[in-house]
Each structure stands twice: as structure tokens, then as C-alpha cells.
Amino acid sequence: MNADEFGQRVLEWFDAHGRKHLPWQQNPTLYRVWVSEIMLQQTQVVTVVPYYRRFVERFPSIRTLAEADLDEVLSLWAGLGYYARARNLHRAAGILRDRHGGEMPLDIALVQALPGVGRSTAGAILALSTGQRQPVLDGNIKRLLSRFAAVPGWPGQASVLARLWTLAECYTPTERVADYTQAMMDLGALVCAPRRPDCRLCPLAMGCVAHAQNREMDFPGAKPRRDLPVRATRMVMVRLATREILLERRPPVGVWGGLWSFPECPLEADVVDWCQERLGLRVAIQPLWKSLRHTFSHFHLDITPVPVIAEAECAKAVLEGERFVWYKSDDVQRLGMAVPVRLLLTALTDDLLNYEDRNE
DNA sequence: TACCCGTGGCA
DNA sequence: TTGCCAAGGGT
């Protein structure tokens with residue numbers, strides 16, 4: 001099947017079955033498509049939609065995003081995961097304001113130079129928004145092309161990736177590039193699905209090498225797996241008599257970067273001493289609960305909650321600031337707490353306060 | 001190159 | 001319960 005026929009079949013399928021009512025497909029400006037592409041990195045459409053709506057309503061333009069506080073950007077991102085995306089998006093908006101007149105450039109090299117924008121995202125922004133002929137190679141298209149051409153190997157491998165990019169370039173048409181790009185992602189998501197590809201619905205089945213060999217599930221090649229490492233940490237839940245609980249802003253990099261959580265006490269430290277030296281608080285430790293395991297895609301995190309009661313009345317004056325905050329449970333969303341942390345906080349805080357109630 | 005970075009759905 | 005996967009990019 002040559003490239004012309006490939007594109008023709010994909011576009012015919014799109015006209016009949018493609019997705020045309022996603023929020024970012026309405027008024028698909030460079031800004032709106034950019035935000036959507038960042039949110040959609042490693043994240044499914046159904047998850048993104050509500051976040052996207054809230055985000056573009058609050059930040060309808062590059063300039064409003066650039067002028068916003070990172071805290072507010074993170075708070076709208078809380079629950080989506082991969083928070084570096086939000087930090088990069090905010091930083092890129094500032095770059096566009098300062099160096100590009102507040103506009104997204106049309107030169108793919110400049111787009112790709114923005115933090116958080118790689119080759120595929122840059123291509124998608126320009127192709128979907130302006131119809132510029134740029135190849136895209138997201139997870140859907142990788143899978144579709146891997147099967148169509150029976151490309152062996154795991155796409156994380158550089159040589160395999162290079163071959164897929166060559167195929168993506170080759171098949172990208174010169175007309176209707178936006179529809180074609182959307183169609184390829186839709187085909188990958190809806191027809192050439194990871195687990196149960198439905199080749200009866202596929203406009204490319206007659207040219208698909210994997211299908212001809214009945215080996216659809218052999219492509220793309222599997223990622224080499226290794227055991228997830230286990231990390232351990234200790235989260236100190238400092239409570240005041242007023243039932244307020246101490247949160248600390250996490251470092252800008254690393255897990256839940258820039259979000260708020262319980263202060264983490266090093267495992268080797270003594271909790272009481274650590275609270276005295278680090279927080280300036282005299283505390284009494286309450287009974288220890290069992291640790292809980294939070295599993296990420298790439299490691300296990302064993303968290304030991306350590307509830308303590310702080311005695312110092314001067315605590316608020318000492319700690320109030322950019323780095324620490326005393327909160328009552330309603331403030332969590334405002335602070336930009338990641339969902340698992342919020343659930344963690346809610347559950348643990350409830351337990352903590354119940355414990356207090358039981359002992360009053 | 002090999003990690004690092006989240007969360008929800010699914011079998 | 002567990003592992004796998006999803007519109008990737010940064011370091």
C-alpha cells in the first residue's frame with residue numbers, strides 16, 4: 001500500500017468514525033492544542049477532559065497563563081500526575097511572552113525548544129492547529145505503525161524509534177494534515193487498541209503486515225521489565241490543639257514536585273529531635289500506625305505516618321510562610337495537593353482527628 | 001542509555 | 001492482588 005492510498009483510507013475512515021467533538025478540537029488555536037497535548041502526554045482522553053476544561057477557562061491565553069502563579073497552575077493540575085508538565089507549561093508561557101511576543105511560533109524548531117515539548121508534541125501542535133505537514137509519533141501511532149509494518153523490537157530502543165519516525169514521515173500526507181493526524185491517533189486508540197485490536201473495523205487491515213500474519217499482538221515489541229525498587233519514607237503529621245496540621249511545600253523536582261504534603265523525616269533521624277531542630281517544635285509522638293505502600297509506575301513507596309502533637313504556641317508565628325502552612329482539611333485542593341496525597345491526607349487526618357476524639 | 005516522573009482503568 | 005498500559009519529555 002503506497003502512502004497516497006494509506007492517507008486516503010485513513011481520511012475516509014476519519015470522516016465516518018473519527019473523533020470531532022473533543023474540547024480542544026473546538027476552536028483549535030495553537031494555545032489550546034498546546035495545553036491539550038501536554039495534558040495528554042501519557043494520559044488518557046477521558047482523564048484529561050475535565051482538567052482541560054477547568055484549565056483553559058481559568059487560563060484562556062498564553063498571557064494569562066504566563067502571568068499566573070505557579071501555585072495556581074499546580075492546583076489546577078493536581079490529580080493529573082507528572083507535575084513537571086505543569087511547571088514546564090508555565091515556564092514555557094513565560095518564554096513565549098518574553099521572547100515570542102506572546103505567540104506560539106510556527107517554526108517547529110522553536111516549538112520543540114519549549115520546555116516540555118518534544119518532537120512528537122511539537123508536530124502535533126502544528127499539525128492539529130495549523131495543518132502544517134509535521135509527523136507525529138505518539139503511543140497510538142507507534143503501535144499502529146509497528147503493526148502495519150511489522151516493526152520488530154521495543155519502540156524505546158533508538159533504532160526502532162528511528163524506523164517508526166521514518167514511517168510516520170513517509171505516510172503523513174500533504175493535504176488535510178490535521179484530520180489525518182487526529183485520525184491516526186483515533187485509529188490507534190479506538191481500533192488498533194493495545195489489548196484487543198478490532199481489525200474488522202480497520203481501513204488499513206488489507207495492507208497490515210502483522211494482520212496478514214495474524215501476529216497483531218506481537219507488535220510493538222514488549223518493554224523489558226525489571227522489578228520495581230522499593231523506597232521508604234516517613235511522613236510526620238504535626239497536629240496543633242486547634243486541629244490544624246502542618247504541611248510543607250515539596251521540592252520543585254522529584255515526586256509530587258512543588259505540591260504540598262506532610263514533612264518528610266529522614267528514616268535515620270529521631271522524630272522528636274528532628275521536629276525540634278528542623279521545625280522548632282516540641283512534640284509528643286502518638287502511637288505509630290502501620291506503614292502503607294503507594295505504588296508508582298516505576299517504584300514502590302513505603303510511607304510510615306508518624307502522628308505527633310505539637311505543644312508550642314509560637315509554632316504558627318515561626319512556621320507560617322512560603323514553605324510551611326497550617327491547614328484544615330478544606331484547604332487541600334487550594335494548595336495543589338496531588339490526589340493520592342489528598343486521599344492520603346484525608347484518610348490519615350480523619351484517623352488522626354478521630355484518635356483525638358476518642359481520647360478526649 | 002537508563003532512569004525519573006502519576007494516576008486510573010483493566011484483566 | 002498484581003502487572004500492564006495510556007496523546008512523552010527531561011536528565
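For clarity, every value in this text was computed on a predicted model and none was experimentally measured.
At whole-Å resolution of the value, CG in A:Leu228 and P in C:dT2 are 11 Å apart. Taking atom CE on A:Met217 and atom P on C:dC4, their separation rounds to 13 Å, with Å as the unit. Distance, A:Asp227 CG to C:dT2 C1': 13 Å, rounded to whole Å. Atom CZ in A:Phe299 sits roughly 16 Å away from atom P in C:dG3 (whole-Å rounding). Counting to the nearest Å, the P atom of C:dG9 and the CZ atom of A:Arg87 are 16 Å from each other. Atom OH of A:Tyr82 is separated from atom P of C:dC5 by 13 Å (rounded to the nearest Å). The nearest whole Å value for the distance from the CG atom in A:Asn88 to the P atom in C:dG10 is 6 Å. Summarising the geometry, the separation between CH2 on A:Trp165 and C1' on C:dG9 is reported as 12 Å, rounded to the nearest angstrom.
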List, with names and distances, any nitrogen or oxygen atoms from the protein found under 3.5 Å away from nitrogen or oxygen atoms belonging to nucleotides 9-11 of chain B.
{"unit_1": "B:dG9", "atom_1": "N2", "unit_2": "A:Arg195", "atom_2": "NH2", "d": "3.3"}

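The phosphate of B:dC5 has OP1 or OP2 within less than 4.0 Å of a side-chain N or O from A:His298. Put simply, A:Arg225 has a side-chain N or O that comes within less than 4.0 Å of OP1 or OP2 on C:dC4. Regarding contacts with the backbone of B:dG6, every side-chain N or O of A:Trp77 stays at 4.0 angstrom or more from both OP1 and OP2. At the phosphate of B:dT7, neither OP1 nor OP2 sits under 4.0 Å from any side-chain N or O atom of A:Tyr51. Between A:Thr121 and C:dG9 there is a side-chain N or O to OP1 or OP2 distance below 4.0 Å.
Between A:Phe296 and A:Phe299, the ring planes lie parallel to each other; the angle is under 30°, not in the 30° to 60° tilted range.
Residue-to-nucleotide proximity on DNA chain C shows that, of A:Lys223 and A:Gly116, the 5′-proximal contact is made by A:Lys223.
Shown here are the side chain to side chain contact (heavy atoms under 4.5 Å, CB included) partners of A:Thr121, two or more places apart in sequence or in another chain: A:Glu37, A:Ile38, A:Gln41, A:Val117, A:Ile125. Residues meeting the salt bridge (charged side-chain N to carboxylate O under 4.0 Å, His left out) test with A:Arg63, sequence neighbours left out: none. Contacts of A:Glu248 classified as salt bridge (charged side-chain N to carboxylate O under 4.0 Å, His left out), with partners at least two apart in sequence or in another chain: A:Arg278, A:Arg323. Residues meeting the side chain to side chain contact (heavy atoms under 4.5 Å, CB included) test with A:Lys223, sequence neighbours left out: A:Trp154, A:Arg225. Residues passing the salt bridge (charged side-chain N to carboxylate O under 4.0 Å, His left out) test with A:Arg58, sequence neighbours excluded: A:Glu72.
The salt bridge (Lys or Arg N to Asp or Glu O under 4.0 Å) analysis of residues 83-109 of chain A, with sequence neighbours excluded, yields the pairs A:Glu67-A:Arg97. Screening residues 185-228 of chain A for ring-ring contact (aromatic ring centres under 6.0 Å, His included), with sequence neighbours left out, gives no hits. Among residues at least two apart or in separate chains, salt bridge (Lys or Arg N to Asp or Glu O under 4.0 Å) pairs with a member in residues 168-184 of chain A are A:Asp15-A:Arg176, A:Arg119-A:Glu169, A:Arg176-A:Asp179. Under the ring-ring contact (aromatic ring centres under 6.0 Å, His included) criterion, the residue pairs touching residues 169-193 of chain A are A:Phe6-A:Tyr171, A:Phe148-A:Tyr171, with sequence neighbours excluded.
Remark: A:Gln42, A:Thr43 in residues 16-43 of chain A come within less than 4.0 Å of DNA chain B through at least one heavy atom. If you check residues 143-159 of chain A against DNA chain C, the residues with a heavy atom closer than 4.0 Å are A:Arg143, listed by number.
Closest to the A:Ser120 side chain, of the nucleotides B:dT7, B:dC4, C:dG9, is C:dG9.
When only modelled atom types and interatomic distance are considered, A:Gln182 and A:Asp186 share a side-chain donor-acceptor pair under 3.5 Å.
As judged by a 4.0 angstrom heavy-atom cut-off over every strand, A:Gly188 is placed among residues making no nucleic acid contact. In this structure, A:Val253 reaches neither bases nor backbone, as no heavy-atom distance under 4.0 Å exists between it and the strands shown.
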